[in-house]
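This report refers to the structure that appears directly beneath it.
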Amino acid sequence: MHQGTTIDWRASLDAAWTKRSSLWQNPQIDCFRVFHGYEEGSRGTVIEKFNDAAVIDYKTDIRDDLPHIKTVLLDLFPFKNIIAKGHQSLGLSLKERTHVLHGNDALATCHEHELKFSVKLDAPHNPGLYLDARDARQWIVNNSADRRILNLFAFTGSLGLSAAHGKATEVIHLDRSKELLPRIQENYRINGVQFEARNFLRGDIYKHLPRAIKAGKRFDGIILDPPPKVYQSPYAKHKPSGQDFSALIKYCAQLLNPGGWVLGMLHRFDFSWDDFEDQVTQASNGLLLPESRLTSGIDFPESLPDKKLRVSTFITP
Ligand SMILES: C[S@@+](CC[C@H](N)C(=O)[O-])C[C@H]1O[C@@H](n2cnc3c(N)ncnc32)[C@H](O)[C@@H]1O
């Protein structure tokens with residue numbers, strides 16, 4: 001029988017909540033990471049808030065602690081829904097590792113500055129909004145006016161929607177997963193942002209980008225957020241490795257208008273930030289030069305700066 005851990009959840013969660021007062025006091029933000037266990041008291045556990053829902057993700061077995069964690073969370077904030085999800089590496093079935101601790105809504109709508117996002121609380125992985133990209137979304141809002149934007153690896157479209165909200169003339173989203181297209185549409189719909197369904201493309205990036213280049217498509221901004229390990233693709237002439245920036249940047253360089261920008265997100269720890277930027281400049285034959293750096297907020301405390309999300313923007317001179 002599994003015994004509860006010795007973690008002092010009340011002390012750890014109280015301290016984490018106090019540290020985030022600038023977030024929960026901000027009337028424009030109701031979604032943030034409440035607890036980043038790696039640095040705050042429980043390796044492998046993170047808790048995120050999406051409006052009045054809390055999602056607990058755990059990679060070490062804290063199942064016996066969950067009722068107590070729920071009590072502590074409800075003392076911090078009047079959550080309507082609390083759900084816990086164990087990582088597949090625990091070797092438990094999906095049913096054994098998903099626990100609805102409080103409430104029974106499967107969806108929530110959260111707010112970040114002027115935008116709303118719909119999230120699926122019981123989704124096996126991310127519920128639909130990467131909270132560490134908050135500042136990247138703001139950068140995109142502020143740098144997309146009158147530009148045609150391409151959002152690659154779109155997921156639920158939060159980055160492209162930020163561009164549309166920032167008055168981009170057009171935003172094209174591309175993701176290979178079919179289930180995501182209705183979720184992108186839903187995010188546009190709840191924000192009252194106009195869209196054309198033909199701008200939400202489903203397909204493999206290694207198929208679509210060469211076609212777009214051939215067809216003479218051009219963009220003034222490209223958002224490039226590949227997963228840490230890009231899947232192998234029958235359309236790639238090479239074997240994609242890691243985030244595959246060198247190959248992807250070669251495509252982007254051919255799709256970019258003069259004066260255009262690329263925003264790239266580094267999710268791997270085997271690269272330094274400088275290495276990443278050099279790699280992009282080299283792959284683009286000197287066309288893309290680093291311009292600014294962005295990272296995750298105070299809700300993702302890391303003592304090692306290279307453990308944080310690293311986002312660079314590049315411009316064509
Ligand atoms: C890390 S998520 C991107 C998160 C997104 N940029 C955001 O901020 O919400 C990675 C996404 O890439 C998509 N993807 C992975 N490999 C792909 C490929 N070869 N072509 C197109 N999309 C791909 C996945 O379906 C997934 O939605």
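For ligands, and for the atoms within them, numbers begin at 1 and follow the listed sequence. Heavy-atom basis, side chains included; hydrogens, waters and symmetry copies ignored.
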Which bit of Tyr130 gets closer than 4.0 Å to ligand 1, counting heavy atoms only: side chain, backbone, both or neither? side chain
Does Trp17 reach the side chain of Leu23, with side-chain heavy atoms less than 4.5 Å apart? no
Salt-bridged, Arg202 to Asp175, with N to O below 4.0 Å? no
Within ligand 1, which atoms have a heavy atom of Leu159 less than 4.0 Å away? 6 (N), 8 (O)
Record the part of Leu129 in heavy-atom contact with ligand 1 below 4.0 Å; permitted values are side chain, backbone, both and neither. neither
Does Lys308 come within less than 4.0 Å of Asp132, counting only side-chain N to carboxylate O? no
With heavy-atom distances below 4.0 Å as the criterion, list the atoms of ligand 1 near Gly203. 20 (N), 21 (C)
Pi-cation contact, Phe117 with Arg137 (under 6.0 Å, within 45°): yes
Knowing that exactly one of Trp139, Phe219, Phe314 qualifies, which makes a ring pair (Phe, Tyr, Trp, His ring centres under 6.0 Å) with Trp261? Trp139
Numbered atoms and elements of ligand 1 in range of Leu180, under 4.0 angstrom, heavy atoms: 27 (O)
With a 4.0 Å cut-off on heavy atoms, is Leu174 in contact with ligand 1? no
Of the protein's non-hydrogen atoms, which lies at the shortest distance from atom 20 (N) of ligand 1, and what is that distance? Ile205 N, 2.9 Å
Can you tell me if Ser158 has a non-hydrogen atom under 4.0 Å from ligand 1? yes
Which of the numbered atoms in ligand 1 are below 4.0 angstrom from a heavy atom of Asp204? 19 (N), 20 (N)
Looking only at non-hydrogen atoms, which of Lys178, Arg137, Arg176, His173 approaches atom 18 (C) of ligand 1 most closely? Arg176
Find out whether His173 and Phe153 are in side-chain contact, i.e. whether some heavy atom of one side chain is under 4.5 Å from a heavy atom of the other. no
With distance as the sole criterion, is a donor-acceptor pair present between the side chains of Trp9 and Asp65 under 3.5 Å? yes
Given Phe155, Tyr231, Tyr206, Tyr235, identify the one with the heavy atom nearest to atom 9 (O) of ligand 1. Phe155
Any heavy atom of Asp225 under 4.0 Å from ligand 1? The part involved is both
Does Phe77 have Lys49 sitting over its ring (NZ/CZ under 6.0 Å from centre, angle to axis within 45°)? yes
Tell me: protein heavy atom nearest atom 13 (C) of ligand 1, and distance? Asp175 OD2, 3.2 Å
Are any of the side-chain nitrogens in Arg189 or Glu186 under 4.0 Å away from the carboxylate oxygens of its partner? yes
Listed once per pair and sorted, the salt bridge (Lys or Arg N to Asp or Glu O under 4.0 Å) pairs that draw on residues 18-40, sequence neighbours left out: Lys19-Glu40, Arg20-Glu40, Arg33-Glu48
Could you check atom 14 (N) of ligand 1 against the protein and tell me its nearest heavy-atom contact, residue, atom and distance included? Phe153 CD2, 3.5 Å
How far is atom 10 (C) of ligand 1 from its nearest protein heavy atom, and which residue and atom is that? Pro227 CD, 4.0 Å
